[in-house]
Amino acid sequence: MTMQNKIIAAIRKIPKGKVSTYGAVARAAGYPRYARQVARTLHMAAALNLPWHRVLGAGGEIKLTGHSAFEQRFRLQSEGVAFRGRRVDMRTHEHKFSKPRSPRRKAQ
DNA sequence: AGGGTGACGATCA
DNA sequence: ATGATCGCCACCC
């Protein structure tokens, strides 16, 4: 299993109406500090059919620029994600990964 | 091999 | 809140 595959798998777990962040996805995939690689992976989101719009920067901020940023915001609002200013209200929309950080035995 | 580059993130002024 | 700086790390010349 490559790092990129794990990152992709993590992104696929974000349900509609919820969001996550580059850093959180990286951690959920088992690669803390690899936020930039998550972003890199998202460049092929369309081809991989990934919910790319559900991944935001730390604090729920859209890191895209120009038209893409607008589209991301539009897509999120379309599935019920509320914004507070320029940021998503993470308190109510952040997806919590159930990924165990310490593969100890197993999550009961 | 070496240096520049990000859809990052945390910290500080 | 905003901008600068720095640490990070796979990619792409």
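The figures here come from the full heavy-atom set of this structure, side chains too, leaving out hydrogens, waters and symmetry mates.
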Student: Without decimals, in angstroms, what is the distance between A:M44 CE and B:dA7 P?
Tutor: 13 Å
Student: Scan residues 42-52 of chain A for pairs that pass salt bridge (Lys or Arg N to Asp or Glu O under 4.0 Å), counting only residues two or more places apart or in two chains.
Tutor: none
Student: Near DNA chain B, counting only heavy atoms under 4.0 Å, which residues of residues 60-77 of chain A show up?
Tutor: A:K63, A:L64
Student: Rounded to the nearest angstrom, tell me the gap between atom CD1 in A:I7 and atom P in B:dC8.
Tutor: 14 Å
Student: Mind checking salt bridge (charged side-chain N to carboxylate O under 4.0 Å, His left out) for A:R75 and listing every partner two or more places apart, or none if nothing turns up?
Tutor: A:E71
Student: Only counting residues at least two apart or in another chain, list the ones meeting side chain to side chain donor-acceptor pair (under 3.5 Å) with A:E61.
Tutor: none
Student: Would you kindly confirm whether A:V81 and A:F70 end up in one hydrophobic cluster when ILVMFWY residues are joined by side chain heavy atoms under 4.5 Å apart?
Tutor: no
Student: Tell me the ring pair (Phe, Tyr, Trp, His ring centres under 6.0 Å) pairs involving residues 8-29 of chain A, sequence neighbours left out?
Tutor: none
Student: Sort and list the pairs that fulfil salt bridge (Lys or Arg N to Asp or Glu O under 4.0 Å) and have at least one residue in residues 41-58 of chain A, not counting sequence neighbours.
Tutor: A:R54-A:E79
Student: Go through the structure and list residues passing side chain to side chain donor-acceptor pair (under 3.5 Å) with A:T65, not counting sequence neighbours.
Tutor: none
Student: Rounded off to whole Å, could you give me the CD1-to-P distance for the A:I8 and B:dA7 pair?
Tutor: 18 Å
Student: I'd like a list of close polar pairs between nucleotides 9-13 of chain C and the protein, N/O only, cut-off under 3.5 Å.
Tutor:
| unit_1 | atom_1 | unit_2 | atom_2 | d |
| --- | --- | --- | --- | --- |
| C:dC9 | OP1 | A:R33 | NE | 3.0 |
| C:dA10 | OP1 | A:Y34 | OH | 2.6 |
| C:dA10 | O4' | A:Q37 | OE1 | 2.8 |

Student: Sequence neighbours left out, what passes salt bridge (charged side-chain N to carboxylate O under 4.0 Å, His left out) with A:R87? Give chain and number order.
Tutor: none
Student: Tell me, which pairs form a salt bridge (Lys or Arg N to Asp or Glu O under 4.0 Å) where one or both residues lie in residues 37-48 of chain A, sequence neighbours left out?
Tutor: none
Student: In whole angstrom, give the distance that lies between atom NE2 of A:H43 and atom C1' of B:dC8.
Tutor: 11 Å
Student: Under 3.5 Å, which N/O atoms of the protein pair with N/O atoms of nucleotides 2-4 of chain C?
Tutor:
none

Student: By salt bridge (charged side-chain N to carboxylate O under 4.0 Å, His left out), which residues pair with A:R84, not counting sequence neighbours?
Tutor: A:D89
